[in-house]
Visitor: 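To start, I am sharing the structure in question, which I have written as structure tokens.
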There are 2 protein chains.
Amino acid sequence: MRKLGTRHENLDRKVYRELKSMIVDRKLKPGDKILQEKISQEFGVSRTPLMCALKKLEQEKLVQAIPRRGFYVRRFTKEEVLEAFELREILEGLAARRAAMIVTAVQADRLRAFFRDADVSDNGQSIKRYSDEDRRFHNFLIELGGFDLLNDILENYNIIAVSYRIDVMEGLVRHPRETLPEHRLLIEAIASGKPDLAEKLARQHFARSRQQLLQEMEQEKARQIGRPAAGKPRTFKAPQQEQGQ
Amino acid sequence: MRKLGTRHENLDRKVYRELKSMIVDRKLKPGDKILQEKISQEFGVSRTPLMCALKKLEQEKLVQAIPRRGFYVRRFTKEEVLEAFELREILEGLAARRAAMIVTAVQADRLRAFFRDADVSDNGQSIKRYSDEDRRFHNFLIELGGFDLLNDILENYNIIAVSYRIDVMEGLVRHPRETLPEHRLLIEAIASGKPDLAEKLARQHFARSRQQLLQEMEQEKARQIGRPAAGKPRTFKAPQQEQGQ
DNA sequence: TTAGTGTTTTTTGCATACAATATTCAATCT
DNA sequence: AGATTGAATATTGTATGCAAAAAACACTAA
């Protein structure tokens, strides 16, 4: 009998996961410098696996590496969030189509359980719960598509996570009251095996959010022009977003 | 005056690039074990940056890591190639649409220069040249779309490279004679700023290749069933493709 | 004050060292 | 012979050490 899997997990993987969730959960904030010595002590590992984890996160664009200077938690621009939505529109559209084509009865049941007793009231608690379920739902949808590569891409690029980087309503672009019926229609389309409809609904869902986002961005821009210099030009801990490599 | 960029490039990046091109160029073949000591000596660096580079390549799925056993050059399955095409269909479709919307006159000229004097004869030399131009064309198309995230994803996941992993005609699925007119139509649609048409043509282009590929796979399968045990069950250097984690 | 300079302290990037685990291979037993 | 055990060897994963670069600090001169 061969012990195939080797359940050993390398340290850099653990550190990677830990660090990633710290970033996603905002325990490390955008612009923060990542002090290797500090973090590695905190995690009880040496700098070697931490370094490795950081390089992986760099590839995913969660952190920005500046040679000889260090790693910083990355700040996403509005444009990037918008791009993420644009990608999700087509990618999740595709996932929805495929999901509808290959969904099993059991999966359909699990799908229908989403948002079954959703609470669309306005208090923070409910919004948070809805937002969480929203994420779970979209993740499950991707999974249902059975598209390994796609799954991986969305995960590794945090495309979904990035989409929740809006500063209002727990990252939701539109109010649950507005999205709930869309979610329910989409669920039904997939569960009852209607690929064309599923894709159309999924895309519509994102297109609307994107439009809303775009509109907000325009408004914000207009406001900024109206009241230009909002205080002194602040100095950040973080280096200027010199994006490129 | 501040020396902003810091033109220093870390070793792991160099190693990463070097290694990647070795894999893409088949100097390291699928299934090969990557001997860290050997490679690091060959590159004149220690194992630390090599390790880092390998972990990055693992994330991109170019190599497979098995804890405590090592790194192996990954083997792509037909299914993965097919998935790559499916993704390219929608992603490049989107890129083509956006390209058509924002293309400048200069870019249009550069675009029209592609395949200008393409040679569609049957000899290996010509096929190779066409295949190379095909890659360059598609890369340029993505670039034109001006979609940073998308650009990055296609690059990092080697989605385009993977697509050329077919064993015939320098990785081309269909003969230049067949694809050349499609390329020309697509070029014209983008260059003359017709988003809808461009997207439609781009998708059609891939849909056809995908169909062709699918057909070949079916044929192959049929052949395999007709003549089942083709020799003894070979033993490979590589571990059995136990893909997942 | 502010700008500029030299010095100290931190931090990074990498090589190396070492323990833990795999692998190989020879010796032994059926 | 073929299977099984156990030592010898190789390889991996990680910690540590160190030189070079960057940042922080202190001091001087305008």
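Keep in mind that what you see is a predicted model, and the values were worked out from it rather than measured. We use all heavy atoms of the structure for the numbers below, so side chains are in, but hydrogens, waters and symmetry mates are not. Each chain gets a letter, A, B and so on, in the order the sequences are listed, and its residues count up from 1.
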Visitor: Which angle, to the nearest 10 degrees, lies between the helix axes at the two ends of the helix from dT1(C)-dA30(D) to dT30(C)-dA1(D), each defined by five pairs?
Guide: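 Terminal axis comparison yields 10°.
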Visitor: My understanding is that only one of Lys56(A), Lys55(A), Arg17(A) makes a salt bridge (charged side-chain N to carboxylate O under 4.0 Å, His left out) with Asp12(A); could you say which?
Guide: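 Exactly one candidate clears the test, Lys56(A).
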Visitor: Measure all distances between protein nitrogen or oxygen atoms and nitrogen or oxygen atoms of nucleotides 6-12 of chain D, and list the pairs falling under 3.5 Å.
Guide:
unit_1: dT12(D); atom_1: O2; unit_2: Arg68(B); atom_2: NH1; d: 2.9

Visitor: On the ring face of Phe114(B), is Arg136(B) found with NZ or CZ under 6.0 Å from the centre and within 45° of the axis?
Guide: no
Visitor: Before you tell me yes or no, could you show the steps for His138(A) and Phe206(A) under ring pair (Phe, Tyr, Trp, His ring centres under 6.0 Å), namely the whole-Å CA-CA distance, both residues' side-chain angles and the distance that decides it to 0.1 Å?
Guide: CA-CA 11 Å; His138(A) 285 286; Phe206(A) 286 106; 5.4 Å; yes
Visitor: Run Leu213(A) and Lys78(A) through side-chain contact (heavy atoms from CB on, under 4.5 Å) and show every step you take.
Guide: CA-CA 9 Å; Leu213(A) 199 60; Lys78(A) 294 261 179 195; 5.9 Å; no
Visitor: If every non-hydrogen atom of Leu141(A) is compared with every non-hydrogen atom of Ala96(A), which pair is closest and at what distance?
Guide: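 Closest heavy-atom pair between Leu141(A) and Ala96(A): CD1-CA, 4.1 Å.
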Visitor: Nearest whole angstrom, please: distance from the C1' of dA20(D) to the CG of Leu11(B).
Guide: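 To the nearest whole Å, that distance equals 13 Å.
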Visitor: Taking atom CD of Gln219(B) as the centre, does the number of heavy atoms from other residues, nucleotides or ligands within less than 6.0 Å exceed 12?
Guide: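 Atom CD in Gln219(B) is crowded, with more than 12 foreign heavy atoms closer than 6.0 Å.
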Visitor: Using modelled atom types only, decide if a donor and an acceptor are shared between the side chain of Glu218(B) and the backbone of Gln215(B) within a distance under 3.5 Å.
Guide: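 Checking the backbone N and O of Gln215(B) against the side chain of Glu218(B), no donor-acceptor pair under 3.5 Å is found.
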Visitor: Can a side-chain donor-acceptor contact be found between Asn151(B) and Glu143(B) if the only test is distance below 3.5 angstrom?
Guide: no
Visitor: Could you run down the sub-3.5 Å N/O contacts of the protein with nucleotides 7-10 of chain C?
Guide:
none

Visitor: According to a strict under-4.0 Å criterion, is Ser46(A) in side-chain N/O contact with OP1 or OP2 of dA15(D)?
Guide: yes
Visitor: Checking Gln36(A) against Arg47(A): is there a side-chain donor and acceptor pair closer than 3.5 Å?
Guide: yes
Visitor: Please check if any side-chain donor atom of Tyr16(B) sits under 3.5 Å from a side-chain acceptor atom of Glu60(B), or the reverse.
Guide: yes
